[in-house]
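It should be emphasised that the depicted structure is a prediction, and the values quoted were computed from it without experimental measurement.
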Amino acid sequence: MLQTVPEAQKKAMRMTALISPATTFVIAIIAPSGLGLYFLVGGIIFVIQQIIVSYVMTPRIRRNIDAELDKKPVVEVVTKDVINNLGRTAAAGATASNTNESLEKLHERNRRRNAGKQQRPTRK
């Protein structure tokens, strides 16, 4: 579980992994025996689930994804050149006055659309 986690977060997760069982043990000792049994059974089920996910399902999913990527490799649709060209054409086509005019038109349209909504009577 800690393979893709940043190092600072790993340290906090390790500390939690140490404190959590100790806390659970103390609670199980203090509380009635049914709670301790509940914690024990839940922990065993969790371990079984983790083994199934980590050692059975995840490798199978990775193999399937690798096989699919071998059949259909990822195609780079948007490159840096495309993005740079979009930025240049947008900068060349839009001037400050056009932008201000379009914002004013949008503001006026929204103002007309919302006119009178504040004066509606409230339901009781």
Side-chain angles (χ1 to χ4, degrees):
M1 283 179 26
L2 299 177
Q3 292 175 356
T4 60
V5 177
E7 192 58 41
Q9 193 173 356
K10 282 183 186 180
K11 188 175 180 181
M13 290 175 75
R14 285 186 192 116
M15 184 59 72
T16 304
L18 293 174
I19 292 174
S20 181
T23 305
T24 303
F25 179 74
V26 169
I27 292 172
I29 294 297
I30 295 171
S33 62
L35 186 61
L37 184 62
Y38 172 77
F39 286 155
L40 178 67
V41 172
I44 292 170
I45 290 172
F46 175 74
V47 168
I48 292 170
Q49 286 177 339
Q50 195 63 37
I51 289 171
I52 291 170
V53 168
S54 297
Y55 297 108
V56 177
M57 294 178 71
T58 302
R60 185 183 321 148
I61 291 169
R62 285 186 180 166
R63 279 194 307 269
N64 291 344
I65 290 172
D66 289 341
E68 187 176 326
L69 286 174
D70 287 342
K71 290 178 189 174
K72 281 192 206 176
V74 176
V75 178
E76 189 173 323
V77 179
V78 179
T79 61
K80 289 183 180 180
D81 294 333
V82 172
I83 293 172
N84 291 336
N85 289 337
L86 285 175
R88 283 189 214 120
T89 56
T95 62
S97 62
N98 287 344
T99 305
N100 288 339
E101 288 173 12
S102 63
L103 287 176
E104 288 175 15
K105 287 179 183 178
L106 178 65
H107 180 69
E108 189 57 38
R109 188 188 79 200
N110 287 340
R111 183 177 288 215
R112 283 193 307 271
R113 185 186 69 196
N114 295 328
K117 288 185 179 178
Q118 290 79 18
Q119 286 78 30
R120 289 184 186 168
T122 58
R123 294 183 183 179
K124 292 184 180 180

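- Remark: L18 CG to T23 OG1 distance equals 10.5 Å, nearest 0.5 Å.
- To the nearest 0.5 Å, atom CZ of residue R62 and atom CG of residue L69 are 13.0 Å apart.
- Smallest separation of non-hydrogen atoms from A17 and P21: O-CD, 2.9 Å.
- Not counting sequence neighbours, the partners of E7 by the salt bridge (charged side-chain N to carboxylate O under 4.0 Å, His left out) test are R14.
- Within a 6.0 Å radius of CD in E68, other residues, nucleotides and ligands contribute 12 heavy atoms or fewer.
- By the rule that hydrophobic residues join a cluster once side-chain heavy atoms approach within less than 4.5 Å of another member, I65 and V75 end up as members of separate clusters.
- For the atom pair H107 NE2 and R112 CZ, the distance stands at 11.0 Å (nearest 0.5 Å).
- Taking all atoms of both residues into account, the shortest heavy-atom contact from P59 to S54 is CD-O, 3.5 Å.
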Show every donor-acceptor pair shorter than 3.5 Å between a side-chain atom in residues 26-49 and any protein atom, with sequence neighbours excluded, or say none if there are none.
none

